[in-house]
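Below, read A as the first sequence line, B as the second, and so on, with proteins coming before strands; counting in each chain starts at 1.
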2 protein chains.
Amino acid sequence: MGTSKLHNYNKKQLSLATITHALAHPARIAILQFISKQKSCICGSIVDELSLSQATISQHLKVLKEAGLLKGTISGASTCYCINEKEWEKAKVLLHQFMNTKFNAPNTSCCS
Amino acid sequence: MGTSKLHNYNKKQLSLATITHALAHPARIAILQFISKQKSCICGSIVDELSLSQATISQHLKVLKEAGLLKGTISGASTCYCINEKEWEKAKVLLHQFMNTKFNAPNTSCCS
DNA sequence: CTTTTTCATCGTAATATTGCGATGAATAGA
DNA sequence: TCTATTCATCGCAATATTACGATGAAAAAG
């Protein structure tokens with residue numbers, strides 16, 4: 001994340017940024033939607049679905065895995081990717097908390 | 001967003017990516033939390049709160065404004081920033097929908 | 001054993017982001 | 001008028017991202 005001053009932020013802020021960072025590309029959104037829709041989580045089929053090269057998909061999968069949103073299990077020659085539901089649930093809670101931040105009254109009245 | 005193939009994605013995917021992209025930095029998370037917590041939305045006080053230069057804060061505010069999450073109204077010498085509650089509500093709904101994607105049974109059983 | 005399939009990793013080029021200082025415009029106060 | 005104050009914008013350097021092809025490892029198919 002560039003020359004980021006990460007020490008200035010608390011854990012929740014950093015977790016939120018990690019999650020949103022992982023989601024911050026339409027290809028990764030599409031990959032997650034595809035995986036959650038599929039009956040099986042075969043990786044190669046994502047390459048057919050999205051018109052991106054296998055290497056690019058692999059990089060996006062890596063970002064999602066590093067953020068903890070995906071699990072990958074080696075299954076023979078291919079790797080099985082699926083949602084890390086435990087982490088997904090954590091992410092959902094964090095995002096929900098953040099998005100439901102209460103606004104103080106003055107904010108609703110200014111910037112008409 | 002680099003050499004992104006944006007034409008391959010639908011509107012919801014692009015909107016989600018725009019929103020998460022805007023949230024994908026702890027400084028911007030902190031800025032949003034600060035604005036929502038403050039009684040008034042004076043911009044300069046963010047510079048004091050976070051240990052980042054005024055120019056850097058200004059750039060983050062620009063990203064948030066471009067994503068539609070913030071509104072900025074010129075108020076004399078200073079600019080008043082606040083949450084764009086209409087857009088914030090839209091973002092909340094989109095994120096909620098996406099995070100509550102139903103997983104098919106096979107996903108829960110693979111990648112043990 | 002050889003070939004194919006499958007996916008990860010490396011190297012690369014183009015582009016975007018992050019952060020800062022410097023500059024500039026525009027209002028507020030002396 | 002002169003001087004702060006306030007914030008946006010420009011320019012820059014360092015780093016990260018996006019995307020691809022090429023290469024490599026490891027299992028499956030022949």
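- Here B/His60 does not reach the OP1 or OP2 of C/dT17: none of its side-chain N or O atoms lies under 4.0 Å away.
- Regarding contacts with the backbone of D/dC7, every side-chain N or O of B/Ser58 stays at 4.0 angstrom or more from both OP1 and OP2.
- Using cut-offs of 30° and 60° for the angle between ring planes, the A/His96 and B/His96 rings count as tilted.
- A straight line from CD of B/Gln59 to P of C/dT17 spans 10 Å, rounded to a whole angstrom.
- Spacing between atom NE2 of A/His25 and atom P of C/dT15 amounts to 15 Å, rounded to whole angstrom units.
- At D/dA19, none of the side-chain N or O atoms of A/Ser53 fall inside 4.0 Å of OP1 or OP2 (strictly under the cut-off).
- Per the geometry, CG belonging to B/Leu50 stands 14 Å off P belonging to D/dC7, to the nearest Å.
- For the salt bridge (charged side-chain N to carboxylate O under 4.0 Å, His left out) test, residues two or more places apart in sequence or in another chain that qualify with B/Lys90 are B/Glu87.
- Every residue meeting the salt bridge (charged side-chain N to carboxylate O under 4.0 Å, His left out) condition with B/Glu89, not counting sequence neighbours, appears here in chain and number order: B/Lys92.
- Ring pair A/His25/B/Tyr9 is perpendicular by interplanar angle, where above 60° counts as perpendicular and below 30° as parallel.
- Rounded to whole Å, the distance from CD1 on B/Ile57 to P on D/dT5 is 19 Å.
- Contact record, A/Val63 with A/Ala22: CG1-CA, 4.2 Å, taken as the closest heavy-atom pair.
- Positionally, the nearest nucleotide of DNA chain C for B/Val63 lies more toward the 5' end than for the other of B/Gln54 and B/Val63.
- Counting only Watson-Crick and G-U wobble pairs whose two key distances fall under 3.5 Å, DNA chain C forms stems of three or more stacked pairs at C:1-30 with D:1-30.
- Between B/Lys62 atom NZ and C/dG19 atom P the separation is 15 Å, expressed in whole Å.
- Taking atom CG of B/Leu23 as the reference point, atom P of C/dT17 lies 15 Å away to the nearest angstrom.
- At distances below 3.5 Å, not a single donor-acceptor pair connects side-chain atoms of A/Thr56 with backbone N or O atoms of A/Leu52.
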* Asked: Checking side chain to side chain donor-acceptor pair (under 3.5 Å) for the pair A/Thr18/A/Ser15: CA distance, chi angles, key distance, verdict?
  -> CA-CA 5 Å; A/Thr18 301; A/Ser15 293; 6.0 Å; no

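- Atom C1' of nucleotide D/dC7 and atom CG of B/Leu52 are separated by 16 Å, given to the nearest angstrom.
- Distance NE2 (A/His21) to P (D/dA16): 10 Å, rounded to an integer number of Å.
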